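A short worksheet on the structure shown next.
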Amino acid sequence: EAVARDATYAEAWEALASAWRTLPTYSDAIDPQQAFNEALYAADQATRLNPKLVEARSVMASVAHGRGDWIEAERIYQDALSIDPNNTTLMLWFGEHYREVGYIEKNLEILREALKLDPASPPLQTAMGMMTHVGPDPQTAQDDLLRIWTDTGFENPNAWYGIWHTHIRIGNYEAAEGWLAQSPLPINETLLKAFLDAKRGGSTEMIDQTASDIVAAYEGGFEGWFAYSLLDQLGKTDLALSIAEQEAATGQFFLSVVMFDPMFPEARFSPRFEPILQRLGYIEYWNRYGPPDFCEDRPAPPVCVSLSTVE
């Protein structure tokens with residue numbers, strides 16, 4: 001509305017860009033690519049009117065990040081932080097960038113610094129919980145996510161998934177099933193309950209059938225990252241990689257960070273893994289900025305050997 005009243009109001013364009021950028025996180029009614037296009041247009045209008053607007057620059061970086069242009073995203077984030085190094089929203093998004101490229105420790109470092117500046121921020125606290133719930137103390141991370149959910153009312157899909165995922169990691173399948181009803185977005189409860197039944201100790205036939213149902217759901221529009229993660233957790237590495245290949249063939253794999261789950265390294269040892277990374281732009285990025293954290297695993301995945309041979 002502000003933009004409609006005054007098309008020269010740079011800050012209004014900047015706010016519109018940020019709104020479009022975050023919309024896919026809170027609603028599945030909008031196509032992420034449409035949101036990226038709208039966000040980029042608004043950010044471009046804002047920076048044309050006022051080149052010093054840091055948040056508009058960060059939206060541009062976020063769009064580049066969302067499209068898998070990791071090197072361009074890195075450049076824009078670094079430039080924006082040089083202008084406003086204490087902008088916690090920018091720090092949050094830059095941390096997400098590092099998470100997506102497999103730099104877990106760098107992400108945690110940025111989040112810690114941002115939380116020193118704004119310790120009560122629900123988005124920052126949620127981001128920290130999402131990172132630590134896959135670490136050595138998932139219960140504490142889940143407690144933190146539940147506290148944020150309950151005390152602040154910050155009921156976003158990321159927090160919901162982190163809580164649900166942690167229930168599964170610690171083997172609390174009853175709680176995981178009960179938590180399905182709390183999802184802020186529509187979900188396929190039938191599929192997810194079947195997944196939980198398979199994880200509880202289902203037969204080989206049940207696991208195979210559930211995996212087949214997940215693939216069918218993906219072919220019908222179920223999110224690729226979610227399908228990959230479920231199949232990975234069921235030990236269906238080949239099927240998970242098939243989904244990653246289909247996503248990579250489009251040039252983009254939304255939330256492809258699921259391929260770097262520290263609890264499920266099997267896919268990273270497949271000969272199919274490196275070509276997927278190549279198509280998604282990871283290899284070019286890592287050759288410039290260094291290997292991801294999973295290359296510290298022993299034994300290291302084959303792609304890490306390839307990276308280490310690049311001069």
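Keep in mind the model is a prediction, meaning the values are calculated, not measured.
Separation of atoms CZ (F195) and CG (L231) is listed at 9.0 Å; rounding is to 0.5 Å. The line from CG of D232 to CG of L230 is 9.5 Å long, rounded to the nearest 0.5 Å. Remark: F222 CZ to L191 CG distance equals 5.0 Å, nearest 0.5 Å. Interatomic distance, CD1 of I71 versus CZ of R288, reported as 4.0 Å (0.5 Å rounding). Interatomic distance, L111 CG to M131 CE, rounded to the nearest 0.5 Å: 7.5 Å.
Taking the salt bridge (charged side-chain N to carboxylate O under 4.0 Å, His left out) definition, one finds that E11 meets it with nothing, sequence neighbours left out. For E113, the salt bridge (charged side-chain N to carboxylate O under 4.0 Å, His left out) test picks out K116, with sequence neighbours left out. Every residue meeting the salt bridge (charged side-chain N to carboxylate O under 4.0 Å, His left out) condition with D238, not counting sequence neighbours, appears here in chain and number order: R272. Residues passing the side-chain hydrogen bond (donor to acceptor under 3.5 Å, both in side chains) test with E174 are R200, sequence neighbours excluded. Not counting sequence neighbours, Y228 has no partner by the side-chain hydrogen bond (donor to acceptor under 3.5 Å, both in side chains) test.
When all heavy atoms are compared, the tightest approach of L53 to A46 is CD1-O, 3.8 Å. Between S18 and W93, the shortest heavy-atom contact is OG-CH2, 4.2 Å. In plain terms, the two heavy atoms of N87 and L90 that are nearest each other are OD1-N, 2.9 Å. Counting all heavy atoms, side chain and backbone alike, P301 lies closest to F269 at CA-CE2, 3.7 Å.
Counted within 6.0 Å of CD on Q139, heavy atoms from surrounding residues, nucleotides or ligands total more than 12; the atom is thus considered enclosed. Residue-environment remark: OH (Y41) stays at or below the threshold of 12 foreign heavy atoms within 6.0 Å. Within 6.0 Å of atom CD in Q78, more than 12 heavy atoms from other residues, nucleotides or ligands are found, so the atom counts as buried in its surroundings.
Both L117 and L108 are part of a single hydrophobic cluster, where members link through side-chain heavy atoms under 4.5 Å apart. Connection of F264 to W164 is not established within any shared hydrophobic cluster, with ILVMFWY side chains joined at heavy-atom distances below 4.5 Å, either directly or through further cluster members. If you chain together hydrophobic residues whose side chains sit under 4.5 Å apart, V258 and L192 fall into the same group. No path of Ile, Leu, Val, Met, Phe, Trp and Tyr side chains, each step under 4.5 Å between heavy atoms, connects V134 with M130, placing them in separate hydrophobic clusters. Both I276 and W70 are assigned to one and the same hydrophobic cluster, defined by single-linkage of ILVMFWY side chains at heavy-atom distances under 4.5 Å.
Aromatic pair Y98/F94: centroids less than 6.0 angstrom apart. Between Y285 and Y103, the ring center distance clears the sub-6.0 Å criterion.
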Can F226 and L255 be said to form a side chain to side chain contact (heavy atoms under 4.5 Å, CB included), step by step?
CA-CA 9 Å; F226 210 165; L255 290 179; over 6 Å; no

Quick one: do S242 and Y218 satisfy side chain to side chain donor-acceptor pair (under 3.5 Å)? Show the steps, please.
CA-CA 11 Å; S242 293; Y218 168 70; over 6 Å; no

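R75 and D79 are joined by a salt bridge, as a carboxylate oxygen and a charged side-chain nitrogen come within less than 4.0 angstrom of each other. A salt bridge links D261 to R169: one of the charged nitrogens lies within less than 4.0 Å of a carboxylate oxygen. Checked for salt-bridge contact, R48 and D44 meet the test: a charged N lies under 4.0 Å from a carboxylate O.
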Residues 206-217, side-chain donor-acceptor partners within the protein, below 3.5 Å, at least two apart:
from	atom 1	to	atom 2	distance (Å)
D208	OD1	K236	NZ	2.5
Q209	NE2	D213	OD1	2.9
T210	OG1	M206	O	2.9

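Ring geometry for H97 against Y77 counts as tilted: the plane angle lies between 30° and 60°, on a 0 to 90° scale. Aromatic ring orientation, F260 versus F294: tilted (interplanar angle from 30° to 60°).
Of the listed residues (H133, H167, R147, H165), just one forms a side-chain hydrogen bond (donor to acceptor under 3.5 Å, both in side chains) with Q142, and that residue is H167.
For the residue pair S256 / E247, no side-chain donor-acceptor distance below 3.5 Å is found, with atom types taken as modelled.
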